[in-house]
Peer 1: 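This is the structure I have questions about; it appears just below.
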Amino acid sequence: MAPVAMCAWLESYHRGAATFFAIFIVLVGFGAFAAAKGSRFAGGHWFSLGTTGMEPWAQRFYLGGYACMVFGLVGLLFTQIALR
């Protein structure tokens with residue numbers, strides 16, 4: 001494989017791997033957020049803002065889920081800009 005073709009292949013691979021990882025982090029975060037909200041819905045509260053009234057594990061999942069979603073989306077944005 002020619003060096004130019006190898007560089008193009010590596011760039012494509014890194015972009016794909018970084019994109020996959022960022023989307024995976026967003027999905028993990030959304031899963032944690034949905035689990036925390038699901039426990040709130042199961043308690044009969046259909047509308048709530050923040051972690052008020054949640055159990056301690058649900059509070060951690062809620063905040064951790066949001067953090068993962070933000071981290072993943074920022075990573076996805078930077079990946080797409082940097083590896084353009």
Side-chain angles (χ1 to χ4, degrees):
M1 191 178 301
V4 173
M6 185 65 154
C7 288
W9 179 83
L10 277 175
E11 181 181 329
S12 173
Y13 173 77
H14 286 301
R15 179 181 219 168
T19 301
F20 173 80
F21 183 68
I23 291 172
F24 178 75
I25 294 296
V26 171
L27 292 176
V28 166
F30 183 76
F33 171 80
K37 280 303 218 181
S39 75
R40 196 76 175 128
F41 294 156
H45 299 282
W46 291 100
F47 181 77
S48 66
L49 296 174
T51 60
T52 305
M54 288 185 180
E55 297 178 27
W57 72 267
Q59 290 178 350
R60 288 189 295 271
F61 272 50
Y62 184 86
L63 295 174
Y66 259 122
C68 284
M69 287 189 289
V70 168
F71 181 72
L73 288 173
V74 168
L76 184 62
L77 178 66
F78 284 150
T79 298
Q80 298 306 309
I81 291 171
L83 296 177
R84 209 181 232 193

Peer 1: What donor-acceptor contacts under 3.5 angstrom involve side-chain atoms of residues 25-44, with partners at least two apart or in another chain?
Peer 2:
residue: Lys37; atom: NZ; partner: Ser48; partner atom: O; Å: 3.0
residue: Lys37; atom: NZ; partner: Ser48; partner atom: OG; Å: 2.9
residue: Ser39; atom: OG; partner: Ala36; partner atom: O; Å: 2.7
residue: Arg40; atom: NH1; partner: Gly53; partner atom: O; Å: 3.3
residue: Arg40; atom: NH2; partner: Thr52; partner atom: O; Å: 3.4

Peer 1: For Gln80 and Thr19, which heavy atoms make the closest approach, and how far apart are they?
Peer 2: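 Shortest heavy-atom contact: NE2-OG1, 2.8 Å.
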Peer 1: Linking I/L/V/M/F/W/Y whenever their side-chain heavy atoms sit closer than 4.5 Å, directly or via other members, would Leu63 and Met54 fall into one cluster?
Peer 2: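 Same cluster.
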Peer 1: Residues in side chain to side chain donor-acceptor pair (under 3.5 Å) with Glu55, at least two apart?
Peer 2: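 Only Trp57 meet the side chain to side chain donor-acceptor pair (under 3.5 Å) criterion with Glu55.
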